[in-house]
Amino acid sequence: MPEQSSTPLVLDPAASDHHAEHQALRDRGPATRVDLLGLTVWSVTDPTLLRQLLTSTQVSKDGRAHWPAYADTVSTWPLALWIAVESMFTAYGGDHRRLRRMVAPALSARRVQDLCPTVETIVTTLLDDLEARPAGESVDLREHFAYPLPIAVLGRLMGIADSQLRGFRNVVDGVFDTTATTVQAAENTASLYKALDDLIAAKRAEPADDMTSLLIAARDHEGDGGGFTDGELRDTLLLMISAGYETTVNVIDQAVTALLTDPEQLSHLRAGRATWDDVVEETLRHEPALKHLPLRYALTDIALPDGRTIPRGEAILASYAAANRHPDWHGPTADRFDVTRLNKDHLAFGHGVHFCLGAPLARMEVATALRLLFTRFPDIELAVPAGELRTLPTAIGNGHRTLPVRPRRTTGEPAR
C-alpha cells in the first residue's frame with residue numbers, strides 16, 4: 001500500500017537527488033501534498049490520474065480566476081512568474097482557445113519543415129567548431145552544442161538578432177532557477193520584460209517574416225476584441241522563448257548522456273534496431289526536460305483513487321518525470337533507458353488542450369542534432385566518469401550543469 005502522510009513532502013529546490021525524490025512521491029500514492037518553495041500543493045505522479053486531470057474541465061490553469069490563494073501567493077512566491085504570466089500557458093476555456101488559435105500558425109507544420117535546412121546548417125557549423133579544437137581536448141557539450149542550437153533556431157524563428165540572444169539566454173535561465181530568492185526572481189523578471197519590450201518595439205517599427213512580427217500583427221490588426229492584449233503579447237513571446245530554449249537544451253543533454261553511458265544503446269542504432277526518433281522519445285520518457293510544471297487548480301473537489309480528495313481551490317503540480325517512470329505504465333524496467341522499448345509513451349510535452357505546440361520543432365531539432373553529432377564523431381566519449389556529472393540545481397528543469405566530452409573522430413562506424 002502507498003505510504004500516506006498528512007505532512008507535505010518538502011521538494012528539494014536544488015533537486016540534488018531527483019530520482020529518489022520521485023520514487024518517494026510515487027510511494028505516497030497517486031497524488032500527495034508537497035511543499036514547493038514554501039507553497040503546499042498536490043503533486044500528481046500516477047499517469048492515469050494525471051492524464052485525466054490534464055484533460056478535465058474541472059481543472060484550470062488560470063490562477064487569477066480559480067485559485068483563492070493567488071493574490072497572497074503571487075507577491076511572495078519565488079516562482080510567481082510561472083503563475084502570473086498572461087498567455088495560453090495560464091489560460092482556461094475560451095481564453096485558452098483564443099490565444100492558442102493565434103499562436104498555432106507561427107508553429108505550423110510548414111514553418112517547422114521550412115526550418116529543417118536551417119537546423120542542419122546550424123548543427124553542422126557547431127560541429128565544425130568542435131572538430132577544429134585540439135584532438136583529445138575536453139569540451140562542455142552542453143555549453144558549446146546543446147545551448148547554441150535552440151538559441152540560434154529561436155533567433156531565426158522569432159527574428160532576434162544574434163547580439164540580443166545572449167541577453168535572452170541569461171534571463172530565461174533565471175526563470176528556471178528554483179534556488180533564487182523572491183527578490184532575485186523579481187529582478188530577473190524585470191530584466192526579462194525589458195528585453196521583451198525592446199524586441200516588440202523593434203519589430204513593430206520594422207516587421208519581418210518571423211514569429212514576433214506575426215504575433216504583433218495579431219495584436220494590432222484584430223479589432224474585434226479577439227486579439228492579444230499588450231500583456232498577452234509580451235507573455236506569449238516569453239512562453240515561446242522559454243519553452244523552446246531551455247527544454248531543448250535539456251533533451252539533447254540527457255540523450256547524449258544516456259547514449260554515452262550505455263554503449264548497448266548505440267549498438268542498437270548502428271545495427272538498425274532503433275532510430276534517432278526512438279532515442280528522442282525514450283529520452284523524453286526517461287529524463288523529460290521538465291521534472292514538474294507549476295500549476296493547475298481544482299475547480300471542484302477531486303476524488304482520488306485511494307479515497308482521498310483534492311479540495312476545490314487547491315493547487316496541483318504536474319509531476320511529469322515521476323509519472324513517466326511509473327511502474328504501472330512502463331513496468332519493472334521503467335527506470336531503464338532502452339531505445340528498443342516498444343511503449344515509449346510519455347507526458348514530457350503535456351497532454352490535452354495544453355499539449356506543447358512546439359513539440360514537432362523540438363523533436364526535429366533534437367533528432368537532427370543527435371544524428372549529425374554521432375555521425376561526425378562516432379567515438380565521442382564522456383570526459384569524466386558518469387558519476388561525476390552534476391544535475392542542474394532546479395526543481396523544474398532537468399539537465400546537467402556541464403557535459404564534458406571528448407568529440408573523437410576515429411575509425412568507428414557512424415550511427416545511421
Side-chain angles (χ1 to χ4, degrees), residues 81 85-89 99 102-108 110-126 129 142-177 187-220 228 230-252 289 356-362 364-366 368-369 397:
L81 186 62
V85 290
E86 299 178 64
S87 69
M88 63 182 183
F89 182 75
L99 294 169
M102 288 187 290
V103 173
L107 290 167
S108 67
R110 180 189 64 80
R111 281 184 174 264
V112 172
Q113 185 63 36
D114 288 347
L115 277 171
C116 287
T118 298
V119 171
E120 293 224 4
T121 298
I122 294 170
V123 172
T124 299
T125 300
L126 294 172
D129 292 342
R142 185 176 173 95
E143 178 66 27
H144 295 284
F145 184 67
Y147 265 125
L149 171 59
I151 283 286
V153 173
L154 277 171
R156 306 291 200 282
L157 185 66
M158 302 190 68
I160 303 174
D162 290 345
S163 59
Q164 296 175 295
L165 287 174
R166 172 64 62 171
F168 273 111
R169 171 185 166 177
N170 291 339
V171 289
V172 170
D173 283 348
V175 173
F176 291 85
D177 185 0
E187 290 174 347
N188 185 74
T189 298
S191 298
L192 180 56
Y193 279 143
K194 172 64 166 59
L196 290 169
D197 286 340
D198 290 346
L199 175 62
I200 292 169
K203 289 298 174 181
R204 189 167 272 147
E206 295 185 29
D209 182 22
D210 55 56
M211 179 189 290
T212 305
S213 299
L214 182 65
L215 295 178
I216 290 172
R219 162 70 185 93
D220 292 348
F228 293 108
D230 287 335
E232 289 169 346
L233 170 62
R234 188 169 65 171
D235 285 345
T236 296
L237 291 173
L238 166 59
L239 175 61
M240 296 298 100
I241 294 171
S242 58
Y245 149 54
E246 174 81 10
T247 51
T248 305
V249 174
N250 287 341
V251 180
I252 295 172
C356 178
L357 279 173
L361 176 59
M364 182 268 286
E365 284 186 61
V366 177
T368 302

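Contact between V153 and V119 at its shortest, heavy atoms only, is CG2-CG2, 3.8 Å. Of all heavy-atom pairs between A289 and V251, the closest is CB-CG2, 3.8 Å. Here the shortest heavy-atom pairing between E365 and P150 reads OE1-CA, 3.4 Å. When every heavy atom of V171 is checked against every heavy atom of S191, the shortest pair comes out as CG1-CB, 3.7 Å. Counting all heavy atoms, side chain and backbone alike, A369 lies closest to I252 at CB-CD1, 4.2 Å. In plain terms, the two heavy atoms of M88 and V103 that are nearest each other are CE-CG1, 4.0 Å.
The side-chain heavy atoms of M158 and L237, taken from C-beta on, include a pair separated by under 4.5 Å. Side-chain atoms of L107 and M240, non-hydrogen and from C-beta on, do get closer than 4.5 Å to each other. No side-chain heavy atom of L214 sits less than 4.5 Å from a side-chain heavy atom of D209. With contacts defined as side-chain heavy-atom distances shorter than 4.5 Å, the pair S87/E232 does not qualify. Side-chain atoms of L157 and L361, non-hydrogen and from C-beta on, do get closer than 4.5 Å to each other. At least one side-chain heavy atom of F145 sits under 4.5 Å from a side-chain heavy atom of V123.
Ion pair R234/D230 not flagged as a salt bridge, since none of the NZ, NE, NH1 or NH2 atoms sits closer than 4.0 Å to an Asp/Glu carboxylate oxygen. Look at K194 and E187 and you find no salt bridge, because none of the NZ, NE, NH1 or NH2 atoms lies under 4.0 Å from a carboxylate O.
Qualifying side-chain hydrogen bond (donor to acceptor under 3.5 Å, both in side chains) partners for D173, counting only residues two or more places apart in sequence or in other chains: Y245.
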Worksheet entry | Chi angles and distances behind the side-chain contact (heavy atoms from CB on, under 4.5 Å) call for L238, Y193 | CA-CA 8 Å; L238 166 59; Y193 279 143; 4.2 Å; yes
Worksheet entry | Worked check of side-chain contact (heavy atoms from CB on, under 4.5 Å) between L126 and H144 | CA-CA 7 Å; L126 294 172; H144 295 284; over 6 Å; no
Worksheet item: Going through the distances and angles, do L196 and I241 end up as a side-chain contact (heavy atoms from CB on, under 4.5 Å)?
Response: CA-CA 10 Å; L196 290 169; I241 294 171; 3.9 Å; yes
Item to complete: Kindly indicate, with the supporting measurements, whether the criterion side-chain contact (heavy atoms from CB on, under 4.5 Å) is fulfilled by L233 and E86.
Response: CA-CA 8 Å; L233 170 62; E86 299 178 64; over 6 Å; no
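Taking CE of M211 as the reference point, atom OG1 of T236 lies at 10.5 Å (rounded to 0.5 Å). Rounding to the nearest 0.5 angstrom, the gap separating the CZ atom in F89 from the SG atom in C356 is 10.5 Å. The line from CG of L81 to CG of L192 is 6.5 Å long, rounded to the nearest 0.5 Å. Once rounded to the nearest 0.5 Å, the distance linking CG of D129 with OG1 of T124 reads 11.0 Å. If you take OG1 on T212 and CD1 on I200, they are separated by 8.0 Å, rounding to the nearest 0.5 Å. Here CG of L199 is found 6.0 Å from CD of Q164. Values are rounded to the nearest 0.5 Å.
No side-chain donor-acceptor contact under 3.5 Å links S213 to the backbone of P207. Side-chain atoms of S108 never come within 3.5 Å of backbone atoms of A104 as a donor-acceptor pair (strictly under, hydrogens ignored). Looking at D235, its side chain never comes within 3.5 Å of a backbone N or O of V85 through a donor-acceptor pair.
Under a cut-off of 6.0 angstrom, the local environment of CD in Q113 is sparse, with at most 12 non-hydrogen atoms contributed by other residues, nucleotides or ligands.
The salt bridge (charged side-chain N to carboxylate O under 4.0 Å, His left out) test with D210 singles out one residue from K203, R111, R156, and that residue is K203.
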